[in-house]
Structure formats: C-alpha cells, structure tokens
A.B. asks: 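I'd like to ask you about the structure that follows.
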2 protein chains.
Amino acid sequence: MDLDAVRTFVAAADAGRFQEAAAELAITQQAVSKRVAALERDLGVRLFTRTARGARLSIDGQAFLPHARELLRVAERAEASVRPGRRPLRVDVIASRGAASGLMRAFHRAHPEIELDVVWLFDIEKAVTAIRSGAVDASFRAVAAPGRPLPEDIASVRVLDEPLQLLTGPGHALAGARSVPLARLAGHRIWMPGVVPGTEWAAYYDDLVAEFGLTIEATGPNFGSDALLDTVADTPALATFMGGRTRLVWPAGHDLRRIPVTDPTPVYPHSLLWHRDNPHPALDVLRAHLAAASAGHDSAGTWTPGWVTPR
Amino acid sequence: MDLDAVRTFVAAADAGRFQEAAAELAITQQAVSKRVAALERDLGVRLFTRTARGARLSIDGQAFLPHARELLRVAERAEASVRPGRRPLRVDVIASRGAASGLMRAFHRAHPEIELDVVWLFDIEKAVTAIRSGAVDASFRAVAAPGRPLPEDIASVRVLDEPLQLLTGPGHALAGARSVPLARLAGHRIWMPGVVPGTEWAAYYDDLVAEFGLTIEATGPNFGSDALLDTVADTPALATFMGGRTRLVWPAGHDLRRIPVTDPTPVYPHSLLWHRDNPHPALDVLRAHLAAASAGHDSAGTWTPGWVTPR
DNA sequence: GCGGACCACAACCACCGGTTGTGGCACTAG
DNA sequence: CTAGTGCCACAACCGGTGGTTGTGGTCCGC
C-alpha cells in the first residue's frame, strides 16, 4: 500500500471525479486512474464504481475512506514529529515507567491539545547537550551530578521527590515488615541491574551505599523489569529498590512486597531541565503545570545526596 | 514518505543493526541502508547514529519511532477494513448525524473492542442488496417500504422510534409554541431538501402529507444541514422536520427552536436489518446491545405509516 | 444522433529501488 | 601492532514501477 495512492484515493473520493483529483494533485487523469487501480489491486477490492459522470465510492470504498484519512493524518503527524520548528514538545524522561513518565502522563491528560514526544537520553550529560542543541526541549533529571554544576544557559526546577521503596519476594527476611529503617538494610544484598554505570542514577546509589553502608550489586546484564521482578520474587536473598511512584506491570502469580524505607527515606530528586532561550510555547505550559502539581512537598525525614541542588 | 521505508526503519530500530533487519525483511543490508537513507532525506533529519557495532536511534529517531509504529498500525487497520473475512463489522446508517448514528456511537462506547465501519447506502433496496451480498453486515432502515416486503433471508427488528420535531426560526408563526398538534401544521410550508425521492424517507413523508394534509416541499438542491439551518433560521415562512435525537451542529448566533409535535407524534421507525446467515460474531453482540437498549418503548399517541411493520 | 465529459487501455520512457561487489571504519583477539 | 571480524556506505548495474501522451469506449444531455 502506497501513501501516494491513498492520498489520490482520498482526493478522488472528495472530488467525485478522477479528472478533478488529477488537477488538484497536478498529475494527469491517467495517473490517477492507475494509482487507484494499483490500490484496488493491492487491497483486492473495488473502491469506486466508475460511471460516465465520475466515480462514486463503492461500499468497500466508503469503509476504507475514514481509515485512509486517518492514515494520512498519522503520516502528517509523524512528519511533524521531526520537522524543525513547530514540532511537538520533546521531553526526555529517565525511564519509561518511572515517576517522570507519570508526571508527563498527567500533563498530557491536563493538556491533550499539546503534542508530545517522549525520548530517553543516556545520562545528564547527554541531556544537557541535547537541550543546548535544541534537539530536546526539556529533561527530567537529578541535578546536578557531583562536581558538575549546570551550565549557565540551562535552567532547572525541582518537580518531584520520589521516595524509594524496597521490593522483595515473599521469602525475604524483611518481607513481613510494614516499613524498614534504612540502617537495617546494611548487610542485605540489594540488586540493581538496571542502573547503568556513569549515569546520575549510579552516582545516586554510590552515595547511598557510601553513607549507609549498603551492599548494592549492579552487576549482570539487564534483562528488563519483567526478568528483574521474576528473579526478586523467586530469590529470598535478593531485594531491589524501586521508585514509590513507578508503575509496574505486576507479574501474575508472584507475591511481591513494596516496603517503605524510613529514617531517613531516600528520595530521588526529579528536576526539570530546559534551555533558557528555548522559544517553544508548550514549554511554559509544562513548567506552569509542574509548578502547580509539585507545590507543598515536605522534605523532612528524607535523604538525598549532598551534591543535589537544595529545593 | 514510503510505508516500506517506515517498516524498514522500525525493523532496524528494533534490531539495532541493519543486517538483522535486512534478514527479517528478506532483502539485502544495502537495501535497508538505502531505504533508511531515503527516509532520512525525505524527513530532513538523521534517524540513526551509525557505529561499527550497529545503528542506534538518534534523538529524532526516538521521537519518530512511536509515530512510525502508529502509522503501521493504522495502515494495517486500513487494510483490514476491506479484507474479506474477519473484517470489522460494517453497518449502514441512514444519516451521519441521525438517531441511528447515535445508537452506533453508544454501541461503540459499550464495546470499544469491536471494530466498526460505518457506511451510507442510498435506500432500503440498495441496503438489502448489500446485506444479501455480504458487503455490509447490518443496516438501520424503516421497514418495509410500501408494497415491498423484506426477502425471507433478511431479518429485522425495530430498535428505535424517533419522534419528529418541528424546527423553526424565531420569526415563524409557531416559534413560541411549547408544542404543536400535527393538525395545526396544515397550510404551513415545511421544507425538506434533504429527502431524496425514491428512498423510504420520501415514502414516509409522502404518507405523512397524505394523511394530515401537510405541505412539504422537497424541492431544491440539498446544500447540507448548515445551509438548511441557516435558511430556516432566517425565513419566517419556513420550517422543517428533524429527528428528535438528531445531533445538530448548532449554528452560532442563530435562534432556532425545536418544537415537539403531538396528537399524534410522528415517529420514524428505525429497524436493524441483517442477513440470517451472516456469521460475523460482532453482529450478535450488536443485536443483543440494541435489544437491551430499546426495551420499554411506548407507542401510544404516535404515528407511523401503515406499511411499517408493527412492533 | 451527435458532442461532451469521463474513465480505461496502450505505448513509451525516465527514474526509483533492488541486486552484487567493494571499501572504510571500529572494535577485538592474538 | 596486526590480522580478523562485523558493521554500514558507496558504486555500478538493471529490471520494473509509475509517470507521460495518445486513443478508444461508454454514458448522458441537448
């Protein structure tokens, strides 16, 4: 199926005559006839009933027409998604099911008219480069990485402190606890295969380990969250950290426990980053939305690394 | 933009390497390279960053990918809409904004998983032909037309009696009435440019005219409902009939009145028609839904033509 | 009955899009 | 360091797609 043929089909359906459609598309009537015939051959049905006064849609053509229009609409949006200038707002989120992603879903619910594209960048360094180049408009990150202050032209605002929870299977020693103090995790094996070395996530856990004497293993390949959950559920000696607002695809038949951590509660500090000179109109809307949504957070009894910009 | 190129882009993005994508698509690596290059040239952006270990998505590529997937999904659905066997349920409704259309919208809300295609057929004769040939699965019609009983293999059930209302502008003699008896419409000009001669709609109004001595003008070309409403609003001598459950795009700035008609209330009898041997699984669901939704109608004080099958 | 409007078919031709062959580059093992 | 491997891009070639012009057939209205 060829998009040009679909475009021609829609034009012919609207015009009711191949000749008129041909004039609109700046091709000959014969070309329209051939394109439509090719589309009909591809689909295996007759789309028009030809008469001496034009071409009317057949029943199959009527059924196909709205799908054809939708196809052209989607194609237009796909092109617009990479068109420089007036493209959709492009936001980098740190994990597709994490809290930042949840914030963007809420933003989309509040402003469905704003076109969004969500991408993922490796670390804050790549994010800053992309923001400065204009390739992305905003980024959810923990700022700043240790010893690397943000450049002058990048602005940031803290939008969400996400408390970390312990995730264990039913056989784990702490599985029955309603909550667990951070100090009691010393000696337990905590497995974080998703944390890529060199990212600010890794820096965050490095600091957590150093300050509270935890044992975090980031070894082994990351087979995705499904495999992680499977392993944690089946291995009594293993637990993992998980953002308290992370959406999980809860594996059926597994008995996984989310246990709040206290004294202090480690929170992951999500900030929004953007370029001060970015003229995208939707960027202001996003910032206003997040400012309203993040009001009234309480940081008492929580922990963040020392290098994190204070609220 | 070429759908084959988009398919190739998605395959390469999933595989991470052009060679693997080429194997999946049963073409050479060079062909994949050329297709992706052509797509990048069309879009004006680079979709992959080529490395010696494969090809990773660029930021633009990441933004484009979900749109590309959506495009292929829509293309698949478009093809399925005309695929013989297991295509979406295809229903003929009498007018895109009429009551039958409202019933189908309600059905879609109740069963969003059922794929639907809505078409429009000229009259009940065409509808019966289409149903018998299997080109459409069901049709909303007034059965039967005078003197033409339904064939044996077509089944029907009355699903909605839609009361007719009078639609007038503010200057009309009846504009202030809360309701109007049918007999009082004698002598008033009622304009129905949308009624096509030869359809069962026309037969309905012919009977209405004959029985109550109305003056219905079906002359003049039909410029669409917008033009109809404009004219009615501005012409004190004109009124028109309108289904009580018809959704209107109410013209801004016009003061149009919908006036119920009584003693008796003419109702338009919508029935669902289908082929007894039609095996489409969604057809049973639709019939069950309509049976449940149409329960408990009251036909006292209403009028339908004598040729209409009684409830 | 004839002219006009419309679509389909035929012949022709340019160019798109596939193939094979080859080269350059990056990473790795010895 | 070097040879080897795996990756993608470029070049040359070639068949078929998809455009054009020219023509024929059919239906409708005057």
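Chain letters run A, B, ... following the sequence lines, proteins first, then strands; residues in each count from 1.
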A.B. asks: Closer to the 5' end of DNA chain D via nearest nucleotide, is it A:Arg41 or B:Gly54?
C.D. replies: B:Gly54
A.B. asks: Whole angstroms only, please: what is the CD1-P distance between A:Ile27 and D:dT17?
C.D. replies: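 Result: 18 Å.
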A.B. asks: How many Å lie between CE on A:Met1 and P on D:dG18, as a whole number?
C.D. replies: 14 Å
A.B. asks: Would you please confirm or rule out a distance under 4.0 Å between OP1 or OP2 of D:dA9 and any side-chain N or O of B:Ser33?
C.D. replies: yes
A.B. asks: D:dC8 P sits how many Å from B:Gln30 CD, rounded?
C.D. replies: 10 Å
A.B. asks: DNA chain D: A:Arg53 or A:Ala26, which has the more 5' nearest nucleotide?
C.D. replies: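 The residue closer to the strand's 5' end, by nearest nucleotide, is A:Ala26.
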A.B. asks: I want to verify a distance call: between C:dT19, C:dC25, C:dC7, whose nearest atom is closest to the A:Phe18 side chain?
C.D. replies: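 Between C:dT19, C:dC25, C:dC7, the one nearest the side chain of A:Phe18 would be C:dC7.
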A.B. asks: Heavy atoms only: give me the nearest A:Gly134-A:Arg87 pair and the separation to one decimal.
C.D. replies: O-NH2, 2.7 Å
A.B. asks: Considering non-hydrogen atoms only, spot the tightest contact between B:Ala5 and B:Arg35 and give its length.
C.D. replies: CB-O, 4.1 Å
A.B. asks: Could you tell me the separation between the NZ atom of B:Lys34 and the C1' atom of C:dT20, rounded to a whole number of Å?
C.D. replies: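 After rounding, the reported distance stands at 11 Å.
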A.B. asks: When you get a sec, tell me which of D:dA9, D:dC8, D:dT20 is the closest nucleotide to the side chain of B:Ala55?
C.D. replies: D:dC8
A.B. asks: B:Val74 and side chain to side chain contact (heavy atoms under 4.5 Å, CB included): which single residue from B:Arg77, B:Glu70, B:Glu76 fits?
C.D. replies: B:Glu70
A.B. asks: Rounded to the nearest Å, what distance is computed from the CG atom of residue B:Asp2 to the C1' atom of nucleotide D:dG18?
C.D. replies: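 Rounding to the nearest Å, CG of B:Asp2 and C1' of D:dG18 are 13 Å apart.
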A.B. asks: Take the protein atom CD of A:Gln19 and the nucleotide atom P of C:dG4, then report the distance between them rounded to whole Å.
C.D. replies: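 Result: 14 Å.
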A.B. asks: Just compare C:dC27, D:dG18, D:dT21 and give me whichever is closest to any side-chain atom of A:Thr28.
C.D. replies: D:dT21
A.B. asks: Select from A:Val32 and B:Arg35 the residue whose nearest nucleotide in DNA chain C is closer to the 5' end of that strand.
C.D. replies: A:Val32
A.B. asks: For B:Arg17 and D:dC7, is the shortest distance between a side-chain N/O and OP1 or OP2 below 4.0 Å?
C.D. replies: yes
A.B. asks: In whole angstroms, how far is the P atom of C:dC7 from the CG atom of A:Leu57?
C.D. replies: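 After rounding, the reported distance stands at 13 Å.
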A.B. asks: Check B:Arg83 with B:Glu115, please: is the shortest side-chain N to carboxylate O separation under 4.0 Å?
C.D. replies: no
A.B. asks: Please determine whether any donor N or O and acceptor N or O are separated by less than 3.5 Å between the side chain of A:Glu20 and the base of C:dA5.
C.D. replies: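 A donor-acceptor contact between them is absent.
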A.B. asks: Of the candidate nucleotides C:dC25, C:dA8, C:dT19, which contains the atom at the shortest distance from the side chain of B:Ala31?
C.D. replies: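 The nucleotide sitting nearest to the side chain is C:dT19.
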A.B. asks: Among B:Thr129, B:Leu273, B:Leu121, which residue satisfies the side chain to side chain contact (heavy atoms under 4.5 Å, CB included) criterion with B:Val136?
C.D. replies: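 Among B:Thr129, B:Leu273, B:Leu121, the one that satisfies the side chain to side chain contact (heavy atoms under 4.5 Å, CB included) with B:Val136 is B:Leu121.
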A.B. asks: Calculate the interatomic distance between B:Leu3 atom CG and C:dG17 atom P; express it in whole Å.
C.D. replies: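 Atom-to-atom, B:Leu3 to C:dG17, this comes out as 13 Å.
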A.B. asks: Indicate whether OP1 or OP2 belonging to C:dC7 is found under 4.0 Å from a side-chain N or O atom of A:Gln29.
C.D. replies: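 So the side chain of A:Gln29 is outside the cut-off, no N or O lying under 4.0 Å from OP1 or OP2 of C:dC7.
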